[in-house]
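Everything below concerns the one structure shown next.
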Amino acid sequence: MTKLIVANWKMNGTKESTHEFCQQITALTQETNTQNTLVICPPTPYLTLLQNDLKNSDIRLGSQDCSAAPEGAYTGDVSAEILRDIGCDYVLIGHSERRQHHKESNDLLSEKMQQALEVNLQPIFCVGESEADYEANGTHDVLTEQLKVLGAFKGNKNIIVAYEPVWAIGTGKVASPEDIQNTCAFIEKTLFNDYGLSSSILYGGSVKGDNATAILSLPAVGGVLVGGASLKAKEFWKISTAV
Ligand code: PGA
């Protein structure tokens, strides 16, 4: 089955490192084949650079965020329509770092989802529990609350969810295969039973070349969202070709 392999570069890189990544990944894609779909979400100013460098490859582009408004007087924001216009196919919505640093609420995330879906930008809606919630066995309650945002999009077939335990992001502490399988299956079941949504569920949090095969082989996992390990073309390619 085709898996979705998404690179989230966060606020990293330079023009030079971005060109270098593109050269290396293009060379790697010419050496080996993969049936998986690869998406790169760079810092917004590098989107057009990547689009140009990767125009002869199948790698798709994504944004790390989009505005909750369609257009107008929103200094510093980038709308879903602008992202679509410059060639993005995907957008991350509700990444835990945005929830934490920008206090993004369910209401705001619902508006962002709406904007993305209106212009056919494929949203990847991110959810995940904190370490304290995990320790207190509160994972399912937290996820159920976060997934309520998707209730407004009942029946929509175009939704992808990324399960990223906050305690596993950038820490090197990856969730156990059993936890990943059970939690992704829980999310899939909740979305289907409560909202009639058939969604693909990605896992994120300290995914690396060395653990990618074990994670991507889990039946409930439709792909991975990769931060740190996606910054190096060779490592990202190792993950992309792990299954
Ligand atoms: P990480 O980040 O792979 O560096 O843990 C994942 C993410 O934040 O999406």
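FYI, side chains are in, hydrogens and waters are out, and symmetry mates aren't considered; it's all heavy atoms of this structure. On a predicted model such as this, the values are computed, not experimentally measured, just so you know. Atoms within a ligand are numbered from 1 in the order they appear, just like the ligands themselves.
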Check: Any ring-ring contact (aromatic ring centres under 6.0 Å, His included) pairs touching residues 58-91, not counting sequence neighbours?
Finding: none

Note to self: If we check side-chain contact (heavy atoms from CB on, under 4.5 Å) with V226, which of these qualifies: V207, N8, L202, L231?
What the structure shows: V207

Check: Do the side-chain N and O atoms of H140 and E129 include a donor-acceptor pair separated by under 3.5 angstrom?
Finding: no

Note to self: Which residues pass the salt bridge (Lys or Arg N to Asp or Glu O under 4.0 Å) test with K3, not counting sequence neighbours?
What the structure shows: none

Margin query: Using only atom types and a distance under 3.5 Å, with no angle test, would you say the side chain of R60 pairs donor to acceptor with the backbone of D89?
Written below: no

Note every protein N or O atom lying under 3.5 Å from an N or O atom of ligand 1, pairing the names and giving the distance.
from     : atom 1 : to   : atom 2 : distance (Å)
ligand 1 : 2 (O)  : K10  : NZ     : 3.4
ligand 1 : 3 (O)  : G227 : N      : 2.8
ligand 1 : 4 (O)  : G228 : N      : 2.9
ligand 1 : 5 (O)  : G170 : N      : 2.6
ligand 1 : 5 (O)  : S206 : N      : 2.8
ligand 1 : 8 (O)  : K10  : NZ     : 2.7
ligand 1 : 8 (O)  : H95  : NE2    : 2.7
ligand 1 : 9 (O)  : H95  : NE2    : 3.2
ligand 1 : 9 (O)  : E164 : OE1    : 3.3
ligand 1 : 9 (O)  : E164 : OE2    : 2.6

Margin query: Once ring-ring contact (aromatic ring centres under 6.0 Å, His included) is applied, do any residues pair with F21, and if so which ones, sequence neighbours excluded?
Written below: W9

